[in-house]
Protein chains: 2
Amino acid sequence: MSIKFAILGLLHYKDMHGYRIKEHIERNFGNMWSINYGQIYPNLKKLETEGLVTKKDISQINAPNKKLYMLTEKGRETFTEWLFTPPDRGMLIRDPFLLRFIFFGFGDRKSSIKIIDEQIVNYERQLKKRKENIIKWEKQDVYVRLMADLGLNFNEMMLKWLNQARAEINKSSDGDLANAAGFFSD
Amino acid sequence: MSIKFAILGLLHYKDMHGYRIKEHIERNFGNMWSINYGQIYPNLKKLETEGLVTKKDISQINAPNKKLYMLTEKGRETFTEWLFTPPDRGMLIRDPFLLRFIFFGFGDRKSSIKIIDEQIVNYERQLKKRKENIIKWEKQDVYVRLMADLGLNFNEMMLKWLNQARAEINKSSDGDLANAAGFFSD
DNA sequence: TCTACCATGTAATCTGTTACATGATTGC
DNA sequence: GCAATCATGTAACAGATTACATGGTAGA
């Protein structure tokens, strides 16, 4: 249900069409949020029938026609109401790397470290990008800027942790696995 | 698809039945991972037909009968193969609070701070719990212990960020919103 | 010519969530 | 008597992902 509100939020800044909405989400939140046309176009239609947005067909000469969506008064109200209703659930994190990580004790140390190293490379690349972009965010509204800060903080924390994990795994012996049975206490 | 591997992973420690699997995931990863019977029981059945686990009916006198699942050799192999295939995607975070946060510029400062304060309370409660549990993890295998560390680090980072955000928002004026239009540069 | 980008959409599929049904035991 | 815990399951629904279809323009 939240994509609907993400769209309504973005339309506060500017009238937009589906393609641009996806592009925008990917550019700005792509490292942690994923979206696709299969969600956007049906949701735009639904928002229109619910009277939260209106549509305007725009013909273009050097590009395919597009459909500009803009907020209605009702859309603005619905959004504002949602904005300050306390979030119904906590943060959900799903990471195929971390899911593997907790079970690395069932494999060999070498392979674990290989996968961890790949993660370090990924997060380092990401951090570099974030640092390049931070200037862009610096002049935006407080909230957008703070979100960019969070991204940086998160990235730095992950790298610190990954490196610490790598070091500890390196010095540990393979036999440490045996202790894991105590993981279960019933 | 990853719940299947999570189950296979847990069965490495101990033979288990569906109810216990859910309990376990909730107890240990409940702050970031959610699971329900609608996923567990069908997946256990599927794993059985695929020959990755076998089932044993256990009758109990003072409790309902249960179905113990245990790994097969094929299950163990399939799991190990998965364990060291590089993760196909990055981390996905979905948080109804953060989704609201980026749009707080479209509301009033007072309401924003109220929601932020609620988050601070939540994360403080969580941090307290994590600190209590950390002793329990300390004697586990390296990877499980490191995961617990990550949870702590994450929690502390979020709290630091939330408090910093709160302070900055407090001293900012409502008019700062106007700048947000530059968020879009196309 | 081929690739990339612009732009909209749908169908099939897969995943995840909620709600319901069943029923025994234990503790307050 | 009531709530909680143990235990298994299904059906309906909601949400997300993948793959496909269409077709124009710009640039290498």
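All heavy atoms count here, side chains included; hydrogens, waters and symmetry mates do not. A, B, ... follow the sequence lines: proteins, then strands. Residue 1 opens every chain.
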For residues 80-91 of chain B, tabulate all N or O donor-acceptor pairs below 3.5 Å that involve a side-chain atom, not counting sequence neighbours.
unit_1: B:T80; atom_1: OG1; unit_2: B:R76; atom_2: O; d: 2.9
unit_1: B:T85; atom_1: OG1; unit_2: A:R100; atom_2: NH2; d: 3.2
unit_1: B:T85; atom_1: OG1; unit_2: B:W82; atom_2: O; d: 2.7

Using whole Å, report how far [atom1] of [X] lies from [atom2] of [N].
| X | N | atom1 | atom2 | value |
| --- | --- | --- | --- | --- |
| A:M16 | C:dA7 | CE | P | 13 Å |
| B:L92 | C:dT15 | CG | P | 14 Å |
| A:N62 | C:dC5 | CG | P | 16 Å |
| B:K46 | C:dT15 | NZ | C1' | 9 Å |
| A:I40 | C:dC6 | CD1 | C1' | 14 Å |
| A:I61 | D:dG23 | CD1 | C1' | 17 Å |
| A:N43 | D:dA14 | CG | P | 13 Å |
| B:K4 | C:dC14 | NZ | P | 11 Å |

Is the phosphate of [N] approached by [X] (side-chain N or O, under 4.0 Å from OP1 or OP2)?
| X | N | value |
| --- | --- | --- |
| A:Q39 | D:dG15 | no |
| A:R94 | C:dT15 | no |
| A:R89 | C:dG16 | no |
| A:S34 | D:dA16 | no |

Item to complete: Look at A:E50 together with A:K46 and state whether they make a salt bridge at an N to O cut-off of under 4.0 Å.
Response: no

Worksheet item: Residues two or more places apart in sequence or in another chain: which of them pass ring-ring contact (aromatic ring centres under 6.0 Å, His included) with A:F154?
Response: none

Worksheet item: Does B:I116 reach the side chain of B:I169, with side-chain heavy atoms less than 4.5 Å apart?
Response: yes

Discussion item. Over all strands shown, is A:K45 touching base, sugar-phosphate only, or nothing at heavy-atom distances under 4.0 angstrom?
Written reply: sugar-phosphate

Worksheet item: Taking it one step at a time, do A:N155 and A:Y123 satisfy side chain to side chain contact (heavy atoms under 4.5 Å, CB included)?
Response: CA-CA 7 Å; A:N155 220 145; A:Y123 277 106; 3.3 Å; yes

Discussion item. If you only use heavy atoms from C-beta on, which nucleotide in D:dA16, C:dG16, D:dT10 is closest to the side chain of B:I3?
Written reply: C:dG16

Could you write out each protein N or O paired with an N or O of nucleotides 5-8 of chain D at a distance under 3.5 Å?
unit_1: D:dC6; atom_1: OP2; unit_2: B:Y19; atom_2: OH; d: 2.7
unit_1: D:dA7; atom_1: OP1; unit_2: B:Q60; atom_2: NE2; d: 3.1
unit_1: D:dA7; atom_1: OP2; unit_2: B:H17; atom_2: NE2; d: 3.3
unit_1: D:dA7; atom_1: OP2; unit_2: B:R20; atom_2: NH2; d: 3.3
unit_1: D:dT8; atom_1: OP1; unit_2: B:K67; atom_2: N; d: 2.9
unit_1: D:dT8; atom_1: OP2; unit_2: B:Y19; atom_2: N; d: 2.9
unit_1: D:dT8; atom_1: OP2; unit_2: B:Y41; atom_2: OH; d: 2.9
unit_1: D:dT8; atom_1: O5'; unit_2: B:Y41; atom_2: OH; d: 3.4

Item to complete: List for me each residue that meets side-chain contact (heavy atoms from CB on, under 4.5 Å) alongside A:K74, sequence neighbours excluded, and say none if there are none.
Response: A:L52, A:T72, A:T78

Worksheet, complete the sentence: Sorted by chain and residue number, the side-chain contact (heavy atoms from CB on, under 4.5 Å) partners of B:Q164 (sequence neighbours excluded) come out as A:L146, A:D149, B:E168

Discussion item. Quick check on the 6.0 Å ring-centre criterion: do A:F103 and B:Y143 meet it?
Written reply: no

Practice prompt. Tell me, please, whether A:Y69 has A:K56 positioned over its six-membered ring: NZ or CZ under 6.0 Å from the ring centre and within 45 degrees of its axis?
Written response: no

Worksheet item: Between the two end axes of the helix from C:dT1-D:dA28 to C:dC28-D:dG1, each built from 5 base pairs, what angle do you get to the nearest 10°?
Response: 30°

